[in-house]
Undergrad: 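Structure incoming, see below.
Numbers restart at 1 for each chain; the letters A, B, ... are given by sequence-line order, proteins then strands. Model, not experiment: these values are computed from the prediction.
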Number of protein chains: 2
Amino acid sequence: MVNYNDQQLNQIFSALSDSTRRAMLLRLTDEAMSVADLSKPFKISKPAITKHLKVLEKSGLLSRTIEGRVHRCKLEPEPLAVVSEWVSFYEKFWNTRLDALNTYFTEEGKKKK
Amino acid sequence: MVNYNDQQLNQIFSALSDSTRRAMLLRLTDEAMSVADLSKPFKISKPAITKHLKVLEKSGLLSRTIEGRVHRCKLEPEPLAVVSEWVSFYEKFWNTRLDALNTYFTEEGKKKK
DNA sequence: ATTATAGTACACCTTATGGTTAACTATAAT
DNA sequence: ATTATAGTTAACCATAAGGTGTACTATAAT
């Protein structure tokens, strides 16, 4: 898989740390759409939208194709795969914790029997 | 699983968007350790370390137990499970993309045969 | 009692972030 | 040719983030 460096991870996590941007990504899972359509649910100014789009674009989470005066925005999921890969390393830690919890309750169950 | 709200996701992603903090988390996967031990690889001032620890603590990624004058820092993986859950929703999007790629190469393979 | 160590709190600085309004460019429609 | 629409750019503002040095608190060691 692609080897993203620290700075790129910074950018991706930073892009994801804003509710509006995450909502934008979610909206784009349905379908690619224009900036106007994409920004409909958000009660912020157009320049604010532009800035959010730039952040998403720079982090690689969004691409756009310009068709006339309309910018068609598309979700680019690869950085999310990178996040998934990054976080998967830690999976064992919450698993062992759940295992410990599980063992605890199993032992409790045994005692009651 | 726990239902984290938008603001908590903001905090978690924001905490993860800094190289130093991610390196701290990685260090803590080996073992829980004091602030001094934890901060050894980082060439920043002690107050800077304190700040990073606070960010990690507020996001739930780190806990500490005070033993005398030593603060023992421990990795708390639950927020990472939340990230994993959040990102898992998008898995289908990079899977379908990889599938498409796979199909493409498979078709190419057929042509060559 | 004094000194060393672990860590935080405070005040400050610089840059980044998220928002605004006003003005602009470029395409589309009348 | 004029007007409307899609979107960006520029200048500005307030607050947050990440860093610093100095001063402080609290525990441990001599």
Undergrad: At under 4.0 Å between heavy atoms, what does A48(A) touch on the DNA or RNA strands: base, sugar-phosphate, or nothing?
TA: base
Undergrad: Can you name the closest pair of heavy atoms from K58(B) and Q11(B) and give their distance?
TA: O-NE2, 2.9 Å
Undergrad: Using a heavy-atom cut-off of 4.0 Å across all strands, would you classify S14(B) as base, sugar-phosphate, or nothing?
TA: nothing
Undergrad: For nucleotides 8-12 of chain C, list the nitrogen or oxygen atoms of the protein found under 3.5 Å from its nitrogen or oxygen atoms, one pair per line.
TA:
from   : atom 1 : to     : atom 2 : distance (Å)
dT8(C) : OP1    : R64(B) : NH1    : 2.2
dT8(C) : OP2    : T50(B) : OG1    : 2.7
dA9(C) : OP2    : K54(B) : NZ     : 2.9

Undergrad: Measure NZ/K58(B) against P/dA16(D) and give the value in whole Å, please.
TA: 11 Å
Undergrad: Is any side-chain N or O of S45(A) closer than 4.0 Å to OP1 or OP2 of dT20(C)?
TA: yes
Undergrad: Looking at Q7(B), I'd like to know if its CD atom is crowded, meaning that more than 12 non-hydrogen atoms belonging to other residues, nucleotides or ligands lie closer than 6.0 Å.
TA: no
Undergrad: Would you mind telling me which residue lines up with the more 5' stretch of DNA chain C, K43(A) or R69(A), judged by nearest nucleotide?
TA: K43(A)
Undergrad: Is it true that R22(B) and D6(A) make a salt bridge, defined as a side-chain N closer than 4.0 Å to a carboxylate O?
TA: yes
Undergrad: Report yes or no: does R21(B) contribute a side-chain atom to a donor-acceptor pair with the main-chain N or O of A15(B) at less than 3.5 Å?
TA: yes
Undergrad: Based on Watson-Crick and G-U pairs with both distances under 3.5 Å, what dot-bracket line describes DNA chain C 5' to 3', crossing pairs as [ ] and inter-strand pairs as |?
TA: ||||||||||||||||||||||||||||||
Undergrad: Do K92(B)'s NZ or CZ and the ring of F89(B) fall within the cation-pi criteria of under 6.0 Å and 45°?
TA: yes
Undergrad: Just call it for R21(B): base, sugar-phosphate, or nothing, with non-hydrogen atoms closer than 4.0 Å on any strand.
TA: sugar-phosphate
Undergrad: Looking at CD1 of I66(B) and NE2 of H71(B), how far apart are the two atoms once the value is rounded to the nearest 0.5 Å?
TA: 4.0 Å
Undergrad: Could you point out which residue of L53(B), L75(B), V55(B) forms a side chain to side chain contact (heavy atoms under 4.5 Å, CB included) with L62(B)?
TA: L53(B)
Undergrad: What's the CD1-C1' distance between I44(A) and dA14(D), to the nearest Å?
TA: 17 Å
Undergrad: Can you tell me how far P of dT17(C) sits from CG of L16(A), to the nearest Å?
TA: 14 Å
